[in-house]
Amino acid sequence: MEKREKKERREGLPELKNAVKGKVVLRFAPNPNGPLSFGHARGIVINGSYAKEWDGELILRFDDTDTVVKPPLPSAYTQIPEEAEWLLGFKPHRVVIASEQMPHYYEHAVKMLERNFGYVCQCSGEEFKAFRVSKTECPCRSNEVSLNLELWEKMNDGTFVPGDAVVRVKTAMDLKNPALRDWPALRIQNTAEHPHPRPSIGSKYRVWPLLDFQSAVEDHVQGVTHIIRGKDLMDSTRKQTLLYEHFGWTYPETMYWGRVKVHEWGGFSTSQMRRDIESGLFKGWDDPRLPTLSALRKTGITAAALRDFWVELGITQKDISVPLSTLYSHNTKSIDDDAPRLSFVRKPVNLKIKGEHSNIVNVEVHPNHPNRGMRSFDVSNQSIWIEEQDLAQSELRLKGFANISILDSDAQPRMAQLGSVERNDRRPIVHWLSDTGAKKATLIAAEDGELNRYEGLLENHTYPNGTMVQIERIGYARVIDNTTLILTHS
RNA sequence: GCUCGUAUAGUGUAGUGGCCCAUCAUGAAGGACUCUCAUUCCUUCGACCCGGGUUCAAAUCCCGGUACGAGCACCA
């Protein structure tokens with residue numbers, strides 16, 4: 001008899017159903033009404049990881065079919081692909097822009113009317129709602145095909161204005177789920193007043209597909225095999241499946257994830273952030289207080305940490321709330337081994353040191369990697385700086401240097417007596433800087449929704465902008481320029 | 001209101017009828033190492049929403065309840 005193996009914990013993402021190596025096509029479809037947020041990262045990471053695992057393709061699709069409620073932001077069309085590539089480590093295999101695919105949508109809309117599984121409905125939203133609730137068919141549902149095609153022309157040629165007519169998919173008015181009853185597929189937008197921001201599109205079209213129709217047609221046209229998205233789109237799947245049945249297509253495998261909140265941020269709405277930026281509340285999309293990908297990247301969260309974070313959460317349908325410490329933990333793992341150590345002294349207090357000592361003090365660049373060399377401090381002028389808050393105690397050890405006793409006097413600068421160079425007791429170890437080895441600098445930190453600036457002295461360094469460093473006893477930070485750091489997390 | 005979905009330690013997650021008095025991570029507490037409040041390592045803490053049922057056997061299947069979330073937009 002074979003002995004059964006002990007069950008092993010599954011690593012990484014769950015198995016993709018009905019996946020064939022090399023044939024998997026997934027997509028991530030954001031609305032380009034702003035750059036990517038932390039939440040979008042989930043869609044990119046999960047879909048991208050599966051595409052990579054199965055040797056398949058990831059489509060980046062811009063669902064930019066609304067010009068009124070959530071109008072696209074032109075810069076997002078270039079920023080999003082860059083951010084996706086940064087996050088994944090590879091470029092999405094295909095980029096599709098919905099507003100360029102309008103001919104496809106029109107073609108399928110006409111087909112739908114010709115085959116009589118769609119109709120032009122001239123009821124108002126209110127009127128149709130009453131039909132939906134009472135499970136009764138609206139009069140437009142029985143239009144002849146020829147009439148529907150006539151009305152379709154009127155939608156397109158400007159005879160009808162927004163609100164006059166929509167194209168609906170015939171499902172059944174007695175469906176259990178009210179959300180699915182004869183759902184709307186295309187509507188008219190006032191593109192004269194609200195042109196599409198892409199100049200090549202502008203006011204060219206009046207009739208625009210709604211998400212469920214656009215997405216359904218596009219997934220079919222692109223040969224998407226698996227859709228992984230938020231569970232708020234569950235009814236969307238059901239609507240689209242009904243459309244696929246009309247067309248005789250097979251719907252892709254679908255998986256859903258639940259809603260994620262970050263304890264410190266709450267939810268993240270691109271539209272809201274856009275308003276707050278435009279009103280001047282935030283400096284830009286990469287303002288460190290915002291939960292955007294560009295802000296996280298700027299403050300020093302790595303792509304690897306974000307990937308690990310989202311893969312670890314997986315694709316459960318539970319609604320969850322995660323603390324930032326989880327993300328930070330992944331980030332620490334991804335940067336600590338590389339991060340050179342630097343000293344940053346907040347509220348520096350000058351000390352004059354008395355006693356015998358060598359003129360040069362060396363400390364390691366990275367304690368776990370002695371081969372990375374030493375940082376040298378010239379203390380020949382006996383002048384050093386420590387943090388004001390460390391003066392709470394008078395017996396201290398200057399890290400890598402010597403013990404000191406702060407002398408009780410009113411002298412300026414304050415005096416300190418040097419003690420043992422060997423570490424021979426348990427007194428607190430503090431970081432410090434020499435007079436000549438540091439310059440004035442600023443540490444920027446986003447804390448509790450506030451942008452705080454800490455002035456202080458930063459150890460001289462020649463690390464290029466963007467380097468991740470660890471500031472001793474404070475936390476990890478990213479080099480913005482020679483005298484500015486931004487705190488990633490502590 | 002109608003419809004759909006989810007419920008495992010503080011947080012997140014594994015688990016698809018026996019390997020489960022339940023996995024891993026994170027967190028907290030303690031300790032080792034370390035001239036950082038870092039990294040690494042060790043120890044400890046801590047959970048199957050409730051009630052029925054099916055079964056020799058249920059975290060796992062069924063029913064009911066409860067809680068939470070989502071959809072019912074001419075937004076995505």
Side-chain angles (χ1 to χ4, degrees), chain A residues 3-11 14 29-33 62-72 98 121 123-125 128-129 132-133 135 162-168 175-181 183-189 207-208 210-212 214-215 229-239 256 258-260 263 270-271 308-309 311-314 316-323 325-330 332-333 335-337 339 341 343 363-364 366-369 397-403 421-424 427-431 470-476 490:
Chain A
K3 201 177 168 189
R4 253 164 121 183
E5 292 292 320
K6 167 87 179 162
K7 269 180 196 163
E8 288 197 8
R9 186 186 161 79
R10 200 199 74 233
E11 289 288 332
N31 180 338
N33 63 337
F62 294 108
D63 279 353
D64 58 347
T65 54
D66 178 80
T67 66
V68 181
V69 183
K70 294 178 179 174
C121 175
C123 302
S124 69
F128 192 83
K129 187 175 182 180
R132 180 172 53 233
V133 171
K135 300 186 180 182
D164 284 352
V166 298
V167 177
R168 292 187 181 282
L175 249 26
K176 265 178 71 181
N177 188 341
L180 314 183
R181 296 170 195 159
W183 54 272
L186 301 99
R187 86 314 202 170
I188 304 166
Q189 293 194 100
V207 177
W208 284 81
L210 287 153
L211 169 85
D212 291 309
Q214 178 270 129
S215 180
R229 58 182 169 194
K231 69 173 182 179
D232 51 314
L233 265 13
M234 257 174 178
D235 283 345
S236 211
T237 297
R238 297 181 183 107
K239 289 184 204 172
Y256 309 93
R259 194 186 148 97
V260 174
H263 179 68
T270 302
S271 307
D308 291 347
F309 174 87
V311 168
E312 183 175 69
L313 293 200
T316 64
Q317 290 183 30
K318 269 201 294 195
D319 299 313
I320 56 176
S321 180
V322 224
S325 58
T326 304
L327 176 63
Y328 293 160
S329 166
H330 285 293
T332 296
K333 284 188 176 71
I335 61 179
D336 181 78
D337 200 53
R341 271 48 176 170
S343 273
V363 291
E364 287 164 321
H366 194 302
N368 301 345
H369 299 281
R397 178 163 182 84
L398 302 177
K399 186 171 186 295
F401 186 8
N403 291 348
V421 169
E422 295 306 313
R423 190 180 180 203
N424 55 9
R427 66 181 64 201
I429 295 165
V430 302
H431 63 291
Q470 190 207 69
I471 37 182
E472 288 179 315
R473 296 178 66 225
I474 297 173
Y476 296 92
S490 45

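Here is how names work: the chains are called A, B, and so on, in the same order as the sequence lines, proteins then strands, and each is numbered from 1.
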Item to complete: Hey, which sits more toward the 5' end of RNA chain B by its nearest nucleotide, A/Arg423 or A/Gly163?
Response: A/Arg423

Fill in: Check: B/C35 base within 3.5 Å donor-acceptor of A/Lys399 side chain
no

Discussion item. Check A/Asp64 with A/Lys70, please: is the shortest side-chain N to carboxylate O separation under 4.0 Å?
Written reply: no

Discussion item. Counting only side-chain heavy atoms from C-beta out, which of B/G69, B/U36, B/G12 sits nearest to A/Val322?
Written reply: B/G12

Item to complete: Determine whether any donor atom in the side chain of A/Arg259 lies under 3.5 Å from an acceptor atom in the base of B/A70, or the reverse, and answer yes or no.
Response: no

Practice prompt. Indicate, with a heavy-atom threshold strictly under 4.0 Å, whether A/Gly125 touches base, sugar-phosphate, or nothing.
Written response: base

Practice prompt. Scan A/Arg341 against the nucleic acid and name what it touches under 4.0 Å (heavy atoms): base, sugar-phosphate only, or nothing.
Written response: base

Worksheet item: Is it the case that A/Arg168 places NZ or CZ above or below the six-membered ring of A/Phe128, under 6.0 angstrom from the centre and within 45 degrees of the axis?
Response: yes

Fill in: A/Thr332 side-chain N/O to B/A38 phosphate OP1/OP2 under 4.0 Å
no

Practice prompt. Check every strand shown and say whether A/Leu233 touches a base, only sugar-phosphate, or nothing at a heavy-atom separation below 4.0 Å.
Written response: base

Practice prompt. Remember a base hit wins even if backbone is also touched, and classify A/Thr65 as base, sugar-phosphate or nothing at under 4.0 Å, heavy atoms.
Written response: sugar-phosphate

Worksheet item: Counting just side-chain N and O atoms, does A/Lys333 come under 4.0 Å of either OP1 or OP2 of B/A25?
Response: no

Discussion item. If I take atom CG in residue A/Asp336 and atom P in nucleotide B/U40, what distance separates them, rounded to the nearest angstrom?
Written reply: 7 Å

Fill in: Criterion salt bridge (charged side-chain N to carboxylate O under 4.0 Å, His left out) on A/Lys399 and A/Glu472, from CA distance to verdict
CA-CA 10 Å; A/Lys399 186 171 186 295; A/Glu472 288 179 315; 3.1 Å; yes

Worksheet item: Within less than 4.0 Å of OP1 or OP2 of B/C4, is there a side-chain N or O belonging to A/Arg238?
Response: no

Discussion item. Applying the Watson-Crick and G-U wobble criteria at under 3.5 Å, what pairs with B/C21? Answer none if nothing qualifies.
Written reply: none

Item to complete: Taking only the side-chain nitrogens and oxygens of A/Lys318, find out if one of them lies under 4.0 Å from OP1 or OP2 of B/U13.
Response: yes

Worksheet item: Between B/U36, B/U26, B/C75, which one does the side chain of A/Thr326 approach most closely?
Response: B/U26

Worksheet item: B/U36 base to A/Gln470 side chain: any donor-acceptor pair below 3.5 Å?
Response: yes

Worksheet item: Can you check whether A/Arg187 has a side-chain N or O nearer than 4.0 Å to OP1 or OP2 of B/A76?
Response: yes

Worksheet item: P atom, B/G69 versus B/C33: distance in rounded Å?
Response: 49 Å

Practice prompt. Provide the Watson-Crick or G-U wobble partner of B/U36, both distances under 3.5 Å; none if there is no partner.
Written response: none

Discussion item. Say we look at B/G65 and B/A7: how far apart would their C1' atoms be, to the nearest angstrom?
Written reply: 13 Å

Item to complete: Would you mind telling me which of B/U26, B/A70, B/C74 lies closest to the side-chain atoms of A/Val166?
Response: B/C74

Worksheet, complete the sentence: Under a 3.5 Å limit on both distances, the Watson-Crick or wobble mate of B/U44 is B/A28

Item to complete: Pick base, sugar-phosphate or nothing for A/Gly314, based on heavy-atom distances below 4.0 Å to the nucleic acid.
Response: nothing

Discussion item. Rounded to whole Å, please give me the gap between CG in A/Asp308 and P in B/U13.
Written reply: 16 Å

Item to complete: Identify whether any heavy atom of A/Val421 sits under 4.0 Å from a base atom; if not, whether one sits that close to sugar-phosphate; answer base, sugar-phosphate or nothing.
Response: base

Discussion item. Under 4.0 Å, counting only non-hydrogen atoms across every strand here, what does A/Pro323 touch: a base, just sugar-phosphate, or nothing?
Written reply: sugar-phosphate

Practice prompt. Could you give the distance separating B/U8 and B/C48 at their P atoms, to the nearest angstrom?
Written response: 10 Å

Worksheet item: When you compare B/U36 with B/U40, how far apart are their C1' atoms, in angstrom units rounded to a whole number?
Response: 14 Å

Worksheet item: Should B/A14 form a Watson-Crick or G-U wobble pair with both distances under 3.5 Å, which nucleotide is its partner?
Response: none

Worksheet item: Between the side chains of A/His366 and A/Asp337, does any donor sit under 3.5 Å from an acceptor?
Response: no

Worksheet item: Within the structure, does a side-chain N or O atom of A/Lys176 lie under 4.0 Å from either OP1 or OP2 of B/C4?
Response: yes

Practice prompt. Determine, for A/Arg187 against A/Asp164, whether the closest basic-nitrogen to carboxylate-oxygen distance falls under 4.0 angstrom.
Written response: no

Fill in: P atoms of B/C63 and B/U3, separation to the nearest Å
16 Å

Fill in: OP1 or OP2 of B/C35 under 4.0 Å from side-chain N/O of A/Arg397
no

Worksheet item: With both distances under 3.5 angstrom, what nucleotide forms a Watson-Crick or G-U wobble pair with B/C49?
Response: B/G65

Worksheet item: Just checking, any donor-acceptor pair under 3.5 angstrom between side chains of A/Tyr476 and A/Asp336?
Response: yes

Discussion item. What contact category does A/Cys121 fall into here, base, sugar-phosphate, or nothing, at under 4.0 angstrom with non-hydrogen atoms?
Written reply: nothing

Worksheet item: When rounded to the nearest Å, what value does the distance between P atoms of B/U11 and B/C49 take?
Response: 13 Å

Worksheet entry | B/G46 and B/C19, which share atom name C1', separated by this distance in whole Å | 23 Å

Worksheet item: Counting any heavy atom closer than 4.0 Å, what does A/Ile320 reach on the DNA or RNA strands: base, sugar-phosphate only, or nothing?
Response: sugar-phosphate

Worksheet item: Taking it one step at a time, do A/Leu211 and A/Thr65 satisfy side chain to side chain contact (heavy atoms under 4.5 Å, CB included)?
Response: CA-CA 8 Å; A/Leu211 169 85; A/Thr65 54; 5.8 Å; no

Item to complete: For the residue pair A/Thr237 and A/Tyr256, confirm or rule out a side-chain donor-acceptor distance under 3.5 Å.
Response: yes

Discussion item. Without decimals, in angstroms, what is the distance between A/Leu313 CG and B/U26 P?
Written reply: 14 Å

Worksheet item: Rounded to whole angstroms, how far apart are CG on A/Asn177 and P on B/C72?
Response: 10 Å

Fill in: d(OH, A/Tyr256; P, B/G69) in whole Å
21 Å

Discussion item. Here's a test of your reading of the structure: between A/His366 and A/Leu186, which maps to the more 5' nucleotide of RNA chain B?
Written reply: A/His366

Worksheet item: So what does A/Asp66 touch, heavy atoms closer than 4.0 Å: a base, only the sugar-phosphate, or nothing?
Response: sugar-phosphate

Fill in: Distance, nearest 0.5 Å, that separates CZ of A/Arg473 from CZ of A/Arg341
14.5 Å

Worksheet item: Tell me: OH of A/Tyr476 to C1' of B/C37, nearest whole Å?
Response: 11 Å

Practice prompt. Rounded to the nearest angstrom, tell me the gap between atom CD1 in A/Ile188 and atom P in B/C75.
Written response: 11 Å

Fill in: Distance, C1' atom - from B/A57 to B/G17, rounded to whole angstrom
7 Å

Item to complete: Would you indicate, yes or no, if B/U11 has its OP1 or OP2 atom less than 4.0 angstrom from a side-chain nitrogen or oxygen of A/Ser321?
Response: no

Worksheet item: Just checking, any donor-acceptor pair under 3.5 angstrom between side chains of A/Asn31 and A/Asp66?
Response: no

Worksheet, complete the sentence: Scanning all shown strands, the Watson-Crick or wobble mate of B/A70 with both distances under 3.5 Å is B/U3

Practice prompt. Using a heavy-atom cut-off of under 4.0 Å over every strand shown, decide if A/Ser236 touches base, sugar-phosphate, or nothing.
Written response: nothing

Worksheet item: Whole-Å distance between B/U3 C1' and A/Met234 CE?
Response: 12 Å

